[in-house]
Amino acid sequence: LDWSRELATCEPEYYRWNQWFFLRMLKAGIAYLKTGAVNWDPVDQTVLANEQVIDGRGWRTGAPVEKREIPMYYLRITAYAQELLDALSQMPGWPERVRTMQANWIGRSEGVNIGFPYTLAGEPKVMRVFTTRADTLMGVTFCAVAPEHPLALHAARDNAPLRDFLGQCRRGAATEADLATQEKRGMPTGLSVQHPVTGADVPVWVGNYVLMAYGEGAVMGVPAHDERDFEFATRYRLPIAPVIDVQGRPYDATKWQPWYEDHGRCVNSGSYDGLESAEAIERIASDLGGRGLAEKQTTWRLRDWGISRQRYWGCPIPIIHCDECGAVPVPEDQLPVVLPRDLVPDGSGNPLGRHAAFLACQCPACGKPARRETDTMDTFVDSSWYFLRFASSGNAESMVDGRAAYWMPVDQYIGGIEHAILHLLYSRFWVRAMDDLKIVNLREPFANLFTQGMVLNEVFFRKPATGRVEYFNPADVDLKLDAAGARIGAVLRADGQPVESGGVVTMSKSRNNGVDPQALVEQYGADTARLFTMFAAPPEQTLEWSDEGVQGAFRFMKRLWKAVHAHVSAGPAPALDPAALDAAQRDLRRQAHQTLAKVTDDIGRRRTFNTAIASVMELLNALARFTDGSEAGRAVTQEALEIAVMCLSPIVPHATHSLWGALGHERAIIDERWRTPDPRALEQALIEIVVQVNGKLRSRISVPAGADETQMRTAALADAHVQKFTAGLGIRKVIVVPGKLVNVVAA
RNA sequence: GCCCGAGUGGCGGAAUUGGUAGACGCAGUGGACUCAAAAUCCACCGCCCUUAAAAGCGUGUCGGUUCGACUCCGACCUCGGGCACCA
């Protein structure tokens with residue numbers, strides 16, 4: 001460990017480079033200022049993240065959250081969408097799961113941008129929509145625009161009911177999950193557009209299910225082949241026109257069927273009749289393309305990253321607002337803009353806005369009095385490049401230096417799966433932006449990624465007839481078991497009365513089901529706590545917490561300790577002569593080296609610490625049975641104990657440090673080289689192979705290690721059990737897997 | 001709704017490339033030691049029939065491929081996670 005590289009992202013020495021690089025991005029157009037819709041808590045006067053909006057209300061104030069348009073700085077991550085997506089397929093060191101999640105999040109979607117012409121105040125105009133199903137164009141019976149769409153705003157100018165409706169949409173459910181389940185509602189704008197093929201009038205509605213931020217903020221409504229359009233059309237009695245035939249199945253417009261969205265063959269589609277969906281999409285795109293009313297288009301789910309936060313604690317955005325010059329970047333030589341430490345957040349709004357000394361400044365452009373930006377950056381900015389700073393620590397002159405080229409990319413990155421999208425996607429983008437601005441030469445920050453699973457725990461509660469649900473920590477609950485050890489109930493230890501179980505879920509304060517590993521550390525020591533945790537399950541897996549098995553880990557540590565000390569109490573072991581061992585000694589030595597090989601692979605490649613521990617447990621069990629006190633026996637024991645201790649040293653470092661010394665080593669085990677198994681120790685004269693008859697295990701036989709197929713086959717057919725099970729049958733085939741098994745196929 | 005992942009004894013889990021299902025541990029049962037208990041040690045510990053057995057059954061369900069399937073394929077069920085009106 002090199003503590004000289006330690007850093008804290010809240011120190012000006014670190015976050016000044018956030019500001020510096022932000023200004024670089026601003027200059028390059030990667031950062032930009034835009035007014036966009038956010039969740040706004042009208043009581044706290046702050047923006048809320050989606051996660052902080054519960055049932056449409058602010059998590060602290062309980063006030064209904066509004067959608068508000070406020071100016072924010074954005075980073076143009078969407079400009080990198082294609083390369084961020086493409087690179088995922090060349091990242092074998094990342095888990096498939098994370099790559100899939102990122103690909104879904106980026107959400108590339110190929111379709112056609114289609115124009116619907118209309119006339120407004122005598123001016124010819126075109127309303128554009130994006131669709132992946134241009135083949136259903138002939139089934140359009142309406143169009144719907146988002147409440148924020150210019151056409152909706154225009155129509156609302158002299159339409160009071162529509163204006164009210166747009167207001168309701170703005171105040172409506174705020175979380176995306178709520179939006180998804182919310183009833184589809186809409187209102188006609190009174191405007192209509194022309195169908196680009198038939199020229200027919202198509203009414204334009206405002207729909208609360210249309211997202212301004214995706215595509216064109218407007219959709220063509222094809223109720224026959226889109227579930228949302230179907231729901232909307234049914235509610236407002238709009239016509240439903242089926243235009244796709246899916247394998248001749250009959251269409252019933254009174255009832256939605258999921259297969260209505262399947263691809264098929266065009267019908268009721270004029271000159272497109274008979275075309276397959278894919279062909280129809282191409283034809284429609286090229287036919288309308290000739291008139292400038294269609295264009296193939298790729299759309300992304302990914303949005304630009306809004307980094308402004310109306311929060312005190314964060315890296316100040318280095319901008320000065322001048323009445324004359326607008327938003328002016330803080331000149332580089334005035335960086336960093338330091339966050340004042342002499343104010344106390346009072347829980348409402350951003351206290352920076354009330355800090356006179358922080359606010360007051362001069363416009364760098366014109367020199368007149370101006371006001372400092374009070375928004376701070378999203379803290380994900382800090383975590384997007386800290387690994388580069390570790391590799392360039394102490395450099396006051398530049399953000400990163402040549403040392404980063406040596407250390408990057410990070411060989412092995414470890415984090416919880418909850419970072420699969422946010423942090424890991426932001427970092428990938430940020431590093432590319434740094435590369436493009438010639439600050440570093442790096443396209444991907446993390447060569448190998450390991451994601452631990454989450455630890456879950458059971459929830460216990462009581463629900464009184466009146467009043468609030470009360471949650472109890474699992475540590476305070478006793479399980480009631482029957483004679484066979486099966487669970488029959490749970491009671492609160494304090495009063496012995498039953499509690500209900502709410503299932504096993506992620507740990508949270510609100511459900512009082514967290515655990516503090518400190519209790520285990522105090523009772524058993526840090527090594528046992530570590531051993532137990534790592535033995536419980538492979539680290540990638542979600543784990544249901546239980547400390548039931550911790551006794552076993554503690555017992556194992558005691559057994560290992562006693563085995564080493566019993567061995568060394570008889571004095572130093574003699575040197576090992578591998579050539580002069582009897583069969584039992586050779587067997588133990590082979591097992592020791594097999595264990596070393598397995599643990600090396602389990603820890604180094606597979607990262608399955610649980611199976612590594614299990615194999616050392618097996619070795620210790622073998623050592624317990626091995627009671628050979630001869631010179632050679634003690635030499636083999638010494639080596640086996642050394643291997644056991646070394647194999648466990650990454651997992652239980654304190655105990656193995658002590659045991660390594662007890663085994664007679666001067667050097668600390670942490671400074672020792674990892675051993676490699678002796679190939680000769682792994683050799684075996686005779687091996688046991690499995691013999692099957694018709695795929696069922698019928699016998700085990702011993703053959704020379706190098707036995708070829710013929711020898712194995714002969715030995716297997718000569719076996720008494722095989723003869724018993726094949727008696728009276730003809731032998732049709734014999735399958736031989738060298739070194740493993742023989743399968744006799746008889747009938 | 002869509003996309004991932006998982007389903008194996010009473011429990012956590014193992015089986016790495018299609019080749020011995022249940023390693024290792026917990027819990028449990030029996031025994032040794034002890035005045036007794038704890039600790040420790042030994043043995044047993046998937047189901048089923050049995051005096052017994054290398055009999056039969058068995059990896060969520062149903063079907064398929066294969067000499068051979070926990071592993072591959074198809075359909076379904078359940079649970080967990082991610083995304084969630086993305087046109």
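Naming: A, B, ... by sequence-line order, numbering from 1 per chain. Quantities reported herein were computed from a predicted structural model and do not represent experimental measurements.
Side-chain atoms of A:Gln551 and A:Tyr524 include a donor-acceptor pair closer than 3.5 Å. Side-chain atoms of A:Asn621 and A:Arg559 form a donor-acceptor pair, as typed in the model, at a separation below 3.5 Å. No donor-acceptor contact under 3.5 angstrom links the side chains of A:Asn208 and A:Arg185, judged on distance only.
Residue-level contact check: A:Asn104 touches the backbone only, with heavy atoms under 4.0 Å from sugar-phosphate atoms and none from bases. Contact annotation for A:Val734: no contact, since no heavy-atom pair falls under 4.0 Å across all strands. Counting any heavy atom pair closer than 4.0 Å across all strands shown, A:Arg559 reaches sugar-phosphate atoms only and no base atom. A:Trp105 comes within contact range of the sugar-phosphate backbone alone, with a heavy-atom separation under 4.0 Å but no base atom that close. When heavy atoms are screened at a 4.0 angstrom cut-off, A:Glu618 is found touching the sugar-phosphate backbone but no base atom. Among the atoms of the strands shown, none is found under 4.0 Å from any heavy atom of A:Glu227. Residue contacts for A:Asp601: at a heavy-atom cut-off of 4.0 Å it reaches a base atom on one of the strands shown.
Straight-line distance between the P atoms of B:rC62 and B:rC57: roughly 15 Å, to the nearest whole Å. Across the P atoms, B:rG25 and B:rC76 are found 42 Å apart, a figure rounded to whole Å. B:rU20 and B:rA6 have their C1' atoms separated by 25 Å, given to the nearest Å. If you take atom C1' in B:rA32 and the same atom in B:rU78, they sit 47 Å apart, rounded to whole Å. A gap of 11 Å separates the C1' atoms of B:rG12 and B:rA27, to the nearest Å. Atom P of B:rG28 sits at a distance of 22 Å from the matching atom of B:rC33, rounded to the whole Å. Between B:rC72 and B:rC4, the distance separating the two P atoms is 15 Å to the nearest Å. Rounded to a whole angstrom, the distance from the P atom of B:rG10 to that of B:rA23 is 14 Å.
Listed nucleotides: B:rG25, B:rU16, B:rC3. Nearest to the side chain of A:Thr100: B:rC3. Across B:rG19, B:rG25, B:rA87, the shortest atom-to-atom separation from the side chain of A:Tyr214 is found for B:rA87. With B:rA87, B:rU20, B:rA55 as the choices, the nucleotide that has an atom nearest any side-chain atom of A:Arg698 turns out to be B:rA55. If you check B:rU40, B:rC83, B:rG13 against the side chain of A:Lys562, the one that comes closest is B:rU40.
Pair assignment for B:rG5 gives B:rC79, based on Watson-Crick or G-U wobble hydrogen-bonding distances that are each under 3.5 Å. B:rC57 is paired with B:rG46 under the criterion used here, namely a Watson-Crick or G-U wobble arrangement in which both key atom distances are under 3.5 Å. Pairing for B:rC26 goes to B:rG10, judged as Watson-Crick or G-U wobble with the two contacts each under 3.5 Å. B:rA69 is unpaired under the criterion used here, namely a Watson-Crick or G-U wobble arrangement in which both key atom distances are under 3.5 Å. Pairing partner, B:rA52: none, since no Watson-Crick or wobble contact has both distances short of 3.5 Å. Remark: B:rC41 base-pairs with B:rG31; criterion is Watson-Crick or G-U wobble with both hydrogen-bond distances under 3.5 Å.
Nucleotide B:rG9 is shown with a syn base, its glycosidic torsion being within 90° of 0.
Between the CD1 atom of A:Ile421 and the P atom of B:rG81 there is a distance of 15 Å, given to the nearest Å. Between A:Ile687 atom CD1 and B:rU20 atom P there is a gap of 14 Å when expressed in whole angstrom units. The CE atom of A:Met101 sits 5 Å away from the C1' atom of B:rG82 (whole-angstrom rounding). As rounded to whole Å, 12 Å separates atom P of B:rC26 from atom OH of A:Tyr524. Atom CG in A:Leu88 sits roughly 19 Å away from atom P in B:rC3 (whole-Å rounding).
Nearest-nucleotide positions on RNA chain B for A:Glu110 and A:Leu741 put A:Leu741 closer to the 5' end. With RNA chain B read from its 5' end, the first of the two nearest nucleotides for A:Arg605 and A:Phe130 is the one closest to A:Arg605.
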For residues 139-146 of chain A, please give each side-chain donor-acceptor pair under 3.5 Å, one per line with the distance, not counting sequence neighbours.
{"unit_1": "A:Thr141", "atom_1": "OG1", "unit_2": "A:Pro239", "atom_2": "O", "d": "2.8"}

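A side chain to side chain contact (heavy atoms under 4.5 Å, CB included) with A:Leu531 is found for one member of A:Leu560, A:Val550, A:Val652 and no other, namely A:Val652.
For B:rC86, the base has a donor-acceptor partner in the side chain of A:Arg303 [N/O atoms by modelled type, under 3.5 angstrom]. One donor-acceptor pair, N or O on each side, does fall under 3.5 Å between the base of B:rC85 and the side chain of A:Lys184. Between the side chain of A:Lys696 and the base of B:rU20 there is no donor-acceptor pair of N/O atoms closer than 3.5 Å. For A:Arg700 and B:rU20, a side-chain-to-base donor-acceptor distance below 3.5 Å is present, hydrogens and geometry of angles not being considered.
Ring centroids of A:Phe232 and A:Trp205 are separated by less than 6.0 Å, placing the two rings close together.
By the 30° and 60° cut-offs, the orientation of the rings of A:His565 relative to A:Trp561 is tilted. Ring-plane geometry between A:Trp545 and A:Phe532 is classed as perpendicular, the angle between the planes exceeding 60 degrees on a 0 to 90 degree scale with a lower cut at 30.
When atom types are taken as modelled, the side chain of A:Asp304 and the backbone of A:Thr78 share a donor-acceptor pair closer than 3.5 angstrom. Here the side chain of A:Arg99 pairs a donor or acceptor atom with the backbone of A:Trp94 at under 3.5 angstrom.
At a non-hydrogen distance threshold of 4.0 Å, A:Arg606, A:Asn610, A:Thr611, A:Ala614 from residues 606-614 of chain A come into contact with RNA chain B.
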